[in-house]
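Input: a single structure, listed below in structure tokens.
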Number of protein chains: 2
Amino acid sequence: MSADRLSWKDVRDRIRDQILQRAYAPGDKLPRDADIAQEFGCARSTVQRAMQDLSDSGLIERKRKGGTHVRADPVTRATLDIPITRLEVEETGSVYGYQLIDRQVLPVPREIAAKLEQVEAKSMLRVQALHLADHKPHILEDRWVSIETAPEILDVDLSRESANEWLVRNKPYTRFDLRIYAIAADAQTARMLAAEPGDALLVIDRTTWVGADPITTVRSITIPGYQLLTKS
Amino acid sequence: MSADRLSWKDVRDRIRDQILQRAYAPGDKLPRDADIAQEFGCARSTVQRAMQDLSDSGLIERKRKGGTHVRADPVTRATLDIPITRLEVEETGSVYGYQLIDRQVLPVPREIAAKLEQVEAKSMLRVQALHLADHKPHILEDRWVSIETAPEILDVDLSRESANEWLVRNKPYTRFDLRIYAIAADAQTARMLAAEPGDALLVIDRTTWVGADPITTVRSITIPGYQLLTKS
DNA sequence: TCCTTGAATATGTAGCTACATAAAGCTAAT
DNA sequence: ATTAGCTTTATGTAGCTACATATTCAAGGA
């Protein structure tokens, strides 16, 4: 980037600095984009891009005609990336392993249908599997897959390829729901994860849809000590 | 928006649909922006904005000269908003309450200094407090605040205003670290949260800096059953 | 006083041009 | 062969203009 022109990131950083240094306090109104552009000697479109970025990151709020204000109640906004489990394991330098525990077509319990936002509960494919890191348990997944939306899953050899990987590669979704919580390990879960019953385990529930059609819902139970990290 | 022109969101949606419908499979190369623009009858800048958005959301990857490819290993990318605890409680329609448990200037334990990426461990302000929802415990926070970076905190009446709220309003940060994990409640924590010892609790650790200077690190322990939700 | 209506205004978006930059690929010299 | 540079090319960015859209604000009428 040439030094004689301001990039929108430069503009963003300068505005952010002004806010951090309290030139503008929470709730304060910032000048119009056009005025800032003139002050900085750049085009309004450059200021616009900078402002959009600050708005996306939660620092300011913009409204047509209302102008731009520093958010009174800033939020901490982070990005959470959940990759394919195999990649997550391999990125730490560990050897990835995978083990199918069970695979059955079963009638769908009510709470699973509710998660999928389905009224009528048909049969779905239930897959339980274990992801391993360095030959030790890492994540236990309990999954239901819609055989209406993803009938091809029935032909996949799930003892070789994980449903996680197959779905992510073959059934892109348009919408998803993520929730994260903690549970205490019951006897069976503890056994499968090589943990102690009563251990606190982080759980990640994920449900995906294409349009209004449900694809899958998974409950991923992690081993004791597992941490979710975010990118800022 | 006028119907006779394509907005960049229209373009984005059409490209996304093409990818979802497997016109382009994972790993495939998409046409150049200019060609897509011509095909759609819009400007390259419009395609550029659409592509940027798809790139941000993790569906495609772009490289100068290399072109645009559908990501071979899609990630689930979610946005996590962590508001001020008071607002989080009030948004559910509950009555917010706050209770200071302890406030002391103490030498910093090694593991806290490490979290803050500090070598020399000076004294910091330690604040323990309880956030209440409808007069019942909601989140227990255990916080260390740097009195070098935020000396004003010593003059704040933390029995009235939570350190959470004061800091977020008065000490904006430039960088933060978030980690989420599960712990089993020990006797003391259980008592303060009105939980049972051994209950699995979701914990959110957050550390913030301005530049290289640490501001604060908090461990927020939630009540049993607490769920973190994300926006897609 | 209240409500409707219309004007004013700040941000949002689309299109165009020109140039910057990174990376891939080619060429030529060693 | 191997490498050092040069060229090509697709994306990235800045500037400009024109217009769209959402709100606010003020004026006017019941």
Side-chain angles (χ1 to χ4, degrees), chain A residues 1-19 23-72 74, chain B residues 1-19 23-72 74:
Chain A
M1 187 124 347
S2 64
D4 53 325
R5 282 203 202 187
L6 280 179
S7 88
W8 67 268
K9 287 179 183 175
D10 296 333
V11 173
R12 177 197 61 189
D13 292 346
R14 282 179 59 176
I15 296 172
R16 185 199 280 132
D17 282 351
Q18 290 187 346
I19 294 173
Y24 303 101
D28 280 7
K29 184 173 187 172
L30 295 171
R32 299 154 37 203
D33 290 6
D35 292 342
I36 293 182
Q38 191 167 21
E39 183 196 334
F40 285 9
C42 66
R44 179 166 80 90
S45 49
T46 307
V47 176
Q48 158 77 14
R49 256 175 289 188
M51 288 296 200
Q52 267 304 334
D53 194 69
L54 291 172
S55 177
D56 288 345
S57 74
L59 188 62
I60 62 174
E61 271 176 331
R62 282 161 78 73
K63 259 203 310 209
R64 281 172 150 136
K65 162 82 183 178
T68 305
H69 290 259
V70 180
R71 278 184 79 124
Chain B
M1 187 128 343
S2 64
D4 54 325
R5 282 203 202 187
L6 282 179
S7 88
W8 66 268
K9 288 180 182 175
D10 297 333
V11 173
R12 176 197 61 189
D13 292 345
R14 282 178 60 176
I15 297 172
R16 186 198 281 131
D17 283 351
Q18 290 187 345
I19 295 173
Y24 303 101
D28 280 7
K29 184 172 184 171
L30 294 171
R32 299 156 33 205
D33 291 5
D35 292 343
I36 293 182
Q38 191 167 20
E39 182 196 334
F40 285 9
C42 66
R44 178 167 80 91
S45 50
T46 306
V47 176
Q48 158 77 15
R49 256 176 289 188
M51 288 295 200
Q52 267 305 333
D53 194 69
L54 291 172
S55 178
D56 287 345
S57 73
L59 188 63
I60 62 174
E61 269 177 334
R62 282 161 76 72
K63 258 199 314 203
R64 281 170 149 137
K65 163 81 184 179
T68 305
H69 291 259
V70 180
R71 279 184 76 125

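Per chain, numbering begins at 1; letters A, B, ... match sequence-line order. Note that the coordinates shown come from a computational prediction; the quantities given were computed from them, not determined experimentally.
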Item to check | Integer-rounded Å distance: D:dA10 C1' and B:His69 NE2 | outcome: 11 Å

Item to check | Nucleotide nearest B:Arg64 when distance is taken to its side chain, options C:dG12, C:dG15, D:dT11 | outcome: D:dT11

Next on the checklist: In this structure, how many angstroms lie between the C1' atom of D:dG15 and the CG atom of A:Asp33, rounded?
Outcome noted: 15 Å

Checklist entry - Does OP1 or OP2 of C:dG12 have a side-chain N or O of A:Gln48 closer than 4.0 Å? => result yes

Next on the checklist: It should be established whether B:Thr68 places a side-chain nitrogen or oxygen under 4.0 Å from OP1 or OP2 of nucleotide D:dT11.
Outcome noted: yes

Checklist outcome for this item: Whole-Å distance, A:Arg62 CZ to D:dA22 C1', equals 13 Å

Next on the checklist: So B:Thr46 and B:Leu6, do their side chains get closer than 4.5 Å, heavy atoms only?
Outcome noted: no

Checklist outcome for this item: To the nearest angstrom, the CH2-C1' distance between B:Trp8 and D:dC19 comes to 19 Å

Item to check | Nucleotide C:dA23, atom C1' - distance to NZ of B:Lys29 in whole Å | outcome: 11 Å

Checklist entry - Between B:Asp10 (side chain) and B:Ser7 (backbone), is there a donor-acceptor pair under 3.5 Å? => result yes

Next on the checklist: Looking at B:Arg44 and D:dG12, is any side-chain donor or acceptor paired with a base atom of the opposite kind under 3.5 Å?
Outcome noted: yes

Next on the checklist: Checking side chain to side chain contact (heavy atoms under 4.5 Å, CB included) between B:Tyr24 and each of B:Ile60, B:Ile15, B:Leu30, which is the one that passes?
Outcome noted: B:Leu30

Item to check | Atom of B:Ala23, atom of B:Asp28 and distance for their closest heavy-atom approach | outcome: O-OD2, 4.5 Å

Checklist entry - Heavy atoms under 4.0 Å, any strand shown: does B:Gln52 hit a base, just sugar-phosphate, or nothing? => result sugar-phosphate

Item to check | Side chain of B:Lys9 (C-beta onward), nearest among D:dT11, D:dG15, C:dT13 | outcome: C:dT13

Item to check | Interatomic distance, A:Asp10 CG vs D:dG15 C1' [rounded to whole Å] | outcome: 15 Å

Next on the checklist: Heavy atoms from C-beta onward define the side chain here; which of C:dA23, C:dT13, C:dT11 lies closest to that of B:Lys63?
Outcome noted: C:dA23

Next on the checklist: Let me spell it out: for each of A:Cys42 and A:Gly66, pick the nucleotide of DNA chain D with the closest heavy atom. Which residue's pick is nearer the 5' end?
Outcome noted: A:Cys42

Checklist entry - So what does A:Thr46 hit on the nucleic acid, given a heavy-atom distance under 4.0 Å: a base, only sugar-phosphate, or nothing? => result sugar-phosphate

Item to check | Interatomic distance where CZ belongs to A:Phe40 and C1' belongs to D:dG15 [whole Å] | outcome: 17 Å

Next on the checklist: Heavy-atom count check: over 12 atoms from other residues, nucleotides or ligands less than 6.0 Å from A:Gln18 CD?
Outcome noted: yes

Item to check | d(CZ, B:Arg49; P, C:dG12) in whole Å | outcome: 12 Å

Item to check | Upstream residue (5' side of DNA chain C) when A:Ala34 and B:Lys65 are each assigned their closest nucleotide | outcome: A:Ala34

Checklist entry - If you check the B:Arg32 side chain, which of D:dA10, C:dT13, D:dT24 turns out closest? => result D:dA10

